[in-house]
Amino acid sequence: MATTDKYLASGPGWQVCDVICTARAGDRPFEEQHRSFCLAAVTRGTFRYRTRQGTAMLAPGAILLGNPGACYECGHEHGAGDRCLSFHFSPTYMERVVADVPGAERLGFDGPSLPPLTALASLLAQAEAARETGDAEAFEELGLNIAGAVVAAAAGSPKVAPTPSRRDQKRVAEAVRLIELNADRPLSLTELADGTATSPYHFLRTFRHVAGMTPYQFLLRTRLHRAAVQLRASDEAISTIALDAGFNDLSTFNRRFKREMGEAPGAYRARRSSRPG
């Protein structure tokens, strides 16, 4: 088989892989079976995808749709190789997403794919960037957002979310406190949602609506803020401050800090004025 699957990230009910195919025109198409719901975003190359829901020619930006148990066949009559970000979701996971998407009434996809859509462009770009930078923590939110957007697009439903209730606002406040208390350790979207007794998709939507950013963005900003304070308030090594703030990789910390604060951690520390006392 001319495909390699590289595991990128996973959690309860979901997984994402970087799938690279090196098949060429004239190679015999191979048949496989989807073991779970599959949403594969094509990031390079083209290929033909055939399943019981139909046949489609997929190109970058398109989304391959797969239902559990469905057999499928991929071929490269018109070019060599392709690359996809392949998200896999359990039926239980997708049931919860469908239940929270306005207008979505059934589990499962009627067609083999979705064409490149404006509604998905930003999410797919973020997912590809996360793959290239090794930002595994970003995939939980990205996968959930992509699943919701794909379900909505496949159902033809509007993307209008109801105004968060007081109860939802309270749940977001509780989640914010949980993040603030535990920002130095990994915090999954599932853990945060479980803490508010809501589904991950509903929680993510509500948090973004109330807080103006996603839980992952809030977590990153919390970590960066604390690191900035420590850079000004202590003489600890930058690597130690990054680790204490929750970053396991110094280069990632440096890149994110500069993007958020406008300068590298070393320059930020060097600019500190003489402190009182």
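Everything quoted here is computed from the prediction, not taken from an experiment.
- The side chain to side chain donor-acceptor pair (under 3.5 Å) contacts involving residues 238-253 comprise Asp249-Ser251, Asp249-Thr252, where partners must be two or more places apart or lie in separate chains.
- Pro112 and Gln53 get closest at one heavy-atom pair: CD-O, 3.5 Å.
- Side chains of Asp18 and Asp5 form no contact here, defined as non-hydrogen atoms less than 4.5 Å apart.
- Under the 4.5 Å side-chain criterion, counting only non-hydrogen atoms from C-beta, Phe47 is in contact with Cys84.
- Between Tyr72 and His34, the ring centre distance stays below 6.0 Å.
- In this structure, Arg131 and Lys6 have side chains that are not in contact, with every pair of non-hydrogen atoms separated by 4.5 Å or more.
- Contact check on Glu191 versus Arg185 returns a salt bridge, with a Lys/Arg side-chain nitrogen under 4.0 Å from an Asp/Glu carboxylate oxygen.
- The ring pair (Phe, Tyr, Trp, His ring centres under 6.0 Å) contacts involving residues 225-269 comprise Phe247-Phe253, Phe253-Phe257, Phe257-Tyr268, where partners must be two or more places apart or lie in separate chains.
- Closest of all the heavy-atom pairs between Phe37 and Gly108 is CE2-CA, 3.8 Å.
- Taking both residues in full, the closest heavy atoms of Ala127 and Leu142 are given as CA-CD1, 3.7 Å, listed atom of the first, atom of the second, then distance.
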### Message
Under the criterion side chain to side chain contact (heavy atoms under 4.5 Å, CB included), I'd like the reasoning laid out for Leu178 against Glu174: C-alpha separation, chi angles, the key distance, then a yes or no.
### Response
CA-CA 6 Å; Leu178 183 61; Glu174 291 171 350; over 6 Å; no
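- Counting non-hydrogen atoms of neighbouring residues, nucleotides and ligands closer than 6.0 angstrom, the CD atom of Glu132 exceeds 12 such neighbours.
- Between Pro91 and Leu107 the shortest heavy-atom distance is O-CD2, 4.1 Å.
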### Task
Dump the intermediate steps for side chain to side chain donor-acceptor pair (under 3.5 Å) on Glu141 and Thr214, then the final yes or no.
CA-CA 8 Å; Glu141 286 184 2; Thr214 70; 2.7 Å; yes
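- Electrostatic pairing of Asp135 and Arg256 counts as a salt bridge here, judged by a charged N lying under 4.0 Å from a carboxylate O.
- With Gln33 contributing its side chain and Gly69 its backbone, the two residues share a donor-acceptor pair below 3.5 Å.
- Taking the side chain as every heavy atom from C-beta outward, Arg83 and Val19 never approach each other to under 4.5 Å.
- One N or O on the side chain of Arg223 and one on the backbone of Ala183 form a donor-acceptor pair closer than 3.5 Å.
- No more than 12 heavy atoms of other residues, nucleotides or ligands sit less than 6.0 Å from atom CZ of Arg35.
- Taking all atoms of both residues into account, the shortest heavy-atom contact from Val42 to Ala59 is CB-O, 3.4 Å.
- Nearest heavy-atom pair across Ile238 and Arg269 is CG1-NH1, 4.1 Å.
- With a 6.0 Å radius and a threshold of 12 heavy atoms from other residues, nucleotides or ligands, Arg106 has its CZ atom above the threshold.
- Note: Phe207 and Phe203 have tilted aromatic rings, judged against thresholds of 30 and 60 degrees for the angle between ring planes.
- The existence of a salt bridge linking Lys258 and Glu263 is excluded, since no basic side-chain nitrogen approaches an acidic carboxylate oxygen closer than 4.0 Å.
- The hydrophobic cluster containing Val98 also contains Leu189, counting ILVMFWY residues as joined when their side-chain heavy atoms lie under 4.5 angstrom apart, directly or transitively.
- Considering Arg205, Gln126, Arg208, Glu140 in turn, Arg208 is the only one that fulfils the side chain to side chain donor-acceptor pair (under 3.5 Å) rule with Asn145.
- Proximity of a side-chain donor or acceptor of Thr51 to a complementary backbone N or O of Cys71 within less than 3.5 Å is detected.
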